[in-house]
J.: 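I have a structure here, written as structure tokens, and I will follow up with some questions on it.
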Amino acid sequence: TIDFGTSTITTNAADIRLDGAGSTFAAINPLATNNGTFTVANGRAFTFAGNITNNLGGDIIAASGGTITIPGGISQGTIESQTGGTIIFNGSFNHGTTSFLNGAGSVILNRGTQTFNGTIIGDINLSLADAANFGSLSSTTTTKPLILSSSAQVAAGAQISVGGLDVTGGSSPAIALGAGTKPATFK
């Protein structure tokens with residue numbers, strides 16, 4: 001337990017680790033900008049109070065037993081779900097061109113539009129329950145199945161290599177794939 005009294009931290013440029021279900025650091029609850037490393041582990045869950053900006057060089061990590069819930073925002077840095085860790089996106093999020101979404105844990109995209117322009121890599125359980133837009137510069141590689149909602153869009157030039165593809169939903173078209181001189185590819 002670290003107590004800063006009524007002071008709060010909205011920008012992180014350090015290495016912060018919330019480790020264990022009983023760990024507390026109330027000053028970090030309004031965190032809005034991450035330039036450092038923010039890790040949650042071993043039974044600890046953390047939900048950002050609002051949208052988060054994870055800048056280039058910033059790392060948000062759900063280590064084994066850790067769960068991080070992100071209501072929305074943007075990342076140019078790394079968001080990692082390690083084995084046994086879980087990242088939950090509960091709102092629209094922009095994964096920028098320099099961003100990495102990686103690891104071997106679970107990534108759950110519940111609500112909002114997920115816009116991917118960076119790199120997704122690892123043995124991630126990637127489940128897209130709402131809209132997903134894979135940008136022309138995006139690169140997605142995972143050995144696990146990719147579960148897409150019926151409103152997913154894949155732009156021309158997007159590279160996606162997955163262990164399987166499951167498209168859910170009842171609207172048509174089920175999935176829109178990019179067209180043009182450099183079409184989207186699935187491997």
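Note that the coordinates shown come from a computational prediction; the quantities given were computed from them, not determined experimentally. Sequence positions, counted from 1, serve as the residue numbers for this chain.
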J.: So, the side chain of Ser75 versus the backbone of Gly77: is there a donor-acceptor pair under 3.5 Å, distance only?
T.: yes
J.: Is a side-chain donor-acceptor pair under 3.5 Å present for Thr98 with Gln76?
T.: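 Yes, side-chain donor-acceptor contact under 3.5 Å.
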J.: Any chance you could measure Ile68, atom CD1, to Thr86, atom OG1, to the nearest 0.5 Å?
T.: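 Result: 9.5 Å between the selected atoms.
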J.: What is the minimum heavy-atom distance between Ser81 and Gly85, and which atoms define it?
T.: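 For Ser81 versus Gly85, the nearest heavy atoms are OG-O, 2.8 Å.
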J.: Hey, is the main chain of Ala27 close enough, under 3.5 Å, to the side chain of Thr8 for a donor-acceptor pair?
T.: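 Between the backbone of Ala27 and the side chain of Thr8 there is no qualifying donor-acceptor contact (under 3.5 Å).
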J.: So how far is it from Asn12 CG to Asp59 CG, rounded to the nearest 0.5 Å?
T.: 10.0 Å
J.: Quick check: closest heavy atoms across Asn29 and Ala49, and the distance to 0.1 Å?
T.: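 Minimum heavy-atom separation between Asn29 and Ala49: O-CB, 3.6 Å.
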J.: What residue among Ile88, Thr67, Thr69 forms side chain to side chain contact (heavy atoms under 4.5 Å, CB included) with Thr47?
T.: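 Among Ile88, Thr67, Thr69, the one that satisfies the side chain to side chain contact (heavy atoms under 4.5 Å, CB included) with Thr47 is Thr69.
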J.: Find out whether Ile60 and Thr78 are in side-chain contact, i.e. whether some heavy atom of one side chain is under 4.5 Å from a heavy atom of the other.
T.: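 Side-chain contact under 4.5 Å: no.
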J.: Pair Phe48, Phe38 - check ring-ring contact (aromatic ring centres under 6.0 Å, His included), show working.
T.: CA-CA 11 Å; Phe48 288 99; Phe38 182 76; 5.6 Å; yes
J.: State yes or no: do Phe100 and Ile52 share one hydrophobic cluster built from I, L, V, M, F, W and Y residues joined by side-chain heavy-atom distances below 4.5 Å, directly or via other members?
T.: no
J.: Would you say Val40 ends up clustered with Leu31 if hydrophobic residues are merged whenever their side chains have heavy atoms under 4.5 Å apart, either directly or through other cluster members?
T.: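 Yes; Val40 is reachable from Leu31 via cluster members.
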J.: Hydrophobic clusters here meaning ILVMFWY residues chained together by side-chain heavy-atom distances under 4.5 Å, can you tell me if Ile74 and Val107 are in one?
T.: no
J.: Nearest 0.5 Å, please: how far is CG in Leu101 from CD1 in Ile87?
T.: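 The distance works out to 8.0 Å.
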J.: So do Phe89 and His95 actually touch side chain to side chain, heavy atoms under 4.5 Å?
T.: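 His95 reaches Phe89 side chain to side chain.
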J.: Under the criterion side chain to side chain contact (heavy atoms under 4.5 Å, CB included), I'd like the reasoning laid out for Asp19 against Arg44: C-alpha separation, chi angles, the key distance, then a yes or no.
T.: CA-CA 6 Å; Asp19 198 333; Arg44 181 63 155 90; over 6 Å; no
J.: Any chance you could measure Thr37, atom OG1, to Ile16, atom CD1, to the nearest 0.5 Å?
T.: 9.5 Å
J.: To the nearest 0.5 angstrom, please state how far the CG atom of Asn54 sits from the OG1 atom of Thr33.
T.: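 It comes to 9.5 Å.
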J.: Quick check: do Ile28 and Phe46 have side-chain heavy atoms less than 4.5 Å from each other?
T.: yes
J.: Applying side chain to side chain contact (heavy atoms under 4.5 Å, CB included) to Ile70 and Ile79, what does each step give before you reach the verdict?
T.: CA-CA 11 Å; Ile70 301 171; Ile79 298 176; 4.3 Å; yes
J.: Output the distance between atom OG1 (Thr97) and atom CG (Asn94), rounded to the nearest 0.5 Å.
T.: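 Interatomic distance, Thr97 OG1 to Asn94 CG, rounded to 0.5 Å: 9.0 Å.
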